[in-house]
Amino acid sequence: MGNSQAFPRTARVTSAGEYRRVFQNSQCKSSDRWLTVLALGNGLGHARLGLAISRKAEKTAVGRNRVKRIIRESFRHHQDELNAWDLVVIARPGVAAQSRSALQAALAKHWTRLQRTCVES
RNA sequence: GGAGUCGGCCAGACAGUCGCUGUGGCGUAAGCCAUGGAGGAAAGUCCGGGCUCCAUAGGGCAGGGUGCCAGGUAACGCCUGGGAGGCGUGAGCCUACGGAAAGUGCCACAGAAAAUAUACCGCCUACGCGCUUCGGCGCCGGUAAGGGUGAAAUGGUGCGGUAAGAGCGCACCGCGCAGCUGGUAACAGGUGUGGCAGGGCAAACCCCACCCGGAGCAAGACCAAAUAGGGGAACAUUGGCGUGGCCCGCGCUGUUCCCGGGUAGGUCGCUCGAGGUGUCCGGCGACGGACAUCCCAGAUGAAUGACUGUUCUCGACAGAACCCGGCUUAUCGGCCGACUCCCCUU
């Protein structure tokens with residue numbers, strides 16, 4: 001994996017089937033008013049990230065891109081602390097109105113909470 | 001200096017660190033190096049084309065679109081130039097701007113009457129009654145000048161004419177028709193002629209002219225786990241079934257021969273193009289031509305971001321998804337050019 005800050009394609013949930021697997025069998029869940037994170041062990045030895053930002057959650061493409069970038073950035077910085085899970089982050093209406101720093105703080109909380117409550121997979 | 005009209009342009013800049021992605025090079029590989037990486041609207045999907053498949057797309061009907069003229073274009077509902085009408089002191093701007101003496105239909109309220117025409121108040125002669133006359137009443141009629149209604153009332157103004165009036169006659173204006181002149185044309189000008197044809201609505205049906213096959217990159221082509229629905233070619237074309245909205249037409253079902261199939265997933269399509277830039281030539285212009293030069297996103301859970309620093313005018317609307325040409329809508333600020341009106345100074 002080389003650099004621990006990198007975010008290559010292997011660290012992403014890519015296919016529709018993998019998304020379905022996480023949605024249907026998720027073992028753990030951490031959520032607040034704006035974001036929900038689902039987790040499911042993947043047996044790969046590293047974590048992978050998937051994003052589910054619907055048109056309903058944010059109307060404009062620019063807003064959705066912004067939310068995705070913030071989440072990816074946070075995942076990139078925290079992936080070393082995470083177990084071998086497939087994580088799917090779901091956004092809810094109103095996320096785009098939140099500031100970058102607020103979302104980053106919320107995400108950091110989600111990562112540590114999952115790490116604490118969902119150790120065995 | 002102020003107010004305004006038209007056209008064009010920019011869409012924070014620079015540096016460092018971390019990260020994503022296309023291409024090229026090196027490397028067994030991990031990776032490293034170089035280089036490219038959202039918009040003027042990428043948007044709405046409202047038009048037009050390319051491309052792909054469907055069925056050979058041909059004919060007719062139906063349906064839809066466009067609508068002053070000419071040109072540009074691959075094409076257009078776009079653009080350019082011109083005409084007509086309207087608005088503005090002006091630079092300029094706006095216009096579904098063909099046909100209502102083909103047909104059908106509609107025209108609230110008010111008004112006598114809204115299109116077959118007609119006559120409410122009026123105006124006027126003759127006749128009768130009454131009467132000294134003027135005038136009055138009744139009545140056969142003649143009128144459409146005046147009043148009143150309305151968004152709109154059967155050409156307008158003036159003079160003549162008349163009982164009163166009337167294109168009844170004349171002049172000018174308007175309108176129709178026929179020549180003429182200019183213009184490719186729309187149209188304009190002018191001449192003669194007709195006494196006037198007879199309201200509006202065609203974003204009501206309609207008529208006329210021109211145009212339009214359907215579906216869309218989740219098109220479509222290829223490689224292929226699973227799992228067992230079939231597929232292709234030739235022949236025949238009666239019946240049955242299906243197929244653009246319908247008909248003609250066309251396809252399937254039938255017989256024979258041949259054969260592995262094609263969902264998850266992947267690859268291609270996928271970016272060199274009606275391409276950009278510069279110079280010259282043709283054209284009032286849209287645009288066209290020649291030469292030179294450049295390669296300028298191609299992702300696929302979907303990349304172009306984060307942090308720090310410096311600086312300024314403190315940064316709007318907003319994110320490519322097959323590709324182009326338009327239109328429309330959103331948008332913080334700012335810059336450039338041409339022109340108009342008003343004021344001041346010399």
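Sequence lines set the chain letters: A, B, ... in the order given, protein chains first and strands last, and positions in each chain run from 1.
Between Arg66(A) atom CZ and A306(B) atom P there is a gap of 9 Å when expressed in whole angstrom units. Rounded to a whole Å, the NZ atom of Lys68(A) is 7 Å from the C1' atom of G301(B). Leu103(A) places its CG atom 13 Å from the P atom of A306(B), with the value rounded to the nearest Å.
Applying the Watson-Crick and G-U wobble criteria (two distances, each under 3.5 Å), U118(B) pairs with nothing in any strand. Of the nucleotides present, none pairs with U125(B) by Watson-Crick or G-U wobble criteria with both distances under 3.5 Å.
Two residues are said to be in side-chain contact when any heavy atoms from C-beta on lie closer than 4.5 Å; Gln79(A) and Leu49(A) fail this criterion.
Taking the O4'-C1'-N9-C4 or O4'-C1'-N1-C2 dihedral as appropriate, A306(B) has a value more than 90° from 0 and is therefore anti. Anti is the classification of C187(B), since its glycosidic angle lies more than 90° from 0.
Residues meeting the side-chain hydrogen bond (donor to acceptor under 3.5 Å, both in side chains) test with Trp111(A), sequence neighbours left out: Ser74(A).
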Polar atom pairs between nucleotides 38-46 of chain B and protein, under 3.5 Å, N or O only, would you list them?
none

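Residue pairs meeting the salt bridge (charged side-chain N to carboxylate O under 4.0 Å, His left out) criterion with at least one partner in residues 29-50 of chain A, sequence neighbours excluded, are Glu18(A)-Arg48(A), Arg48(A)-Asp86(A).
Comparing A302(B), A320(B), A306(B) by their closest approach to the side chain of Arg72(A) singles out A302(B).
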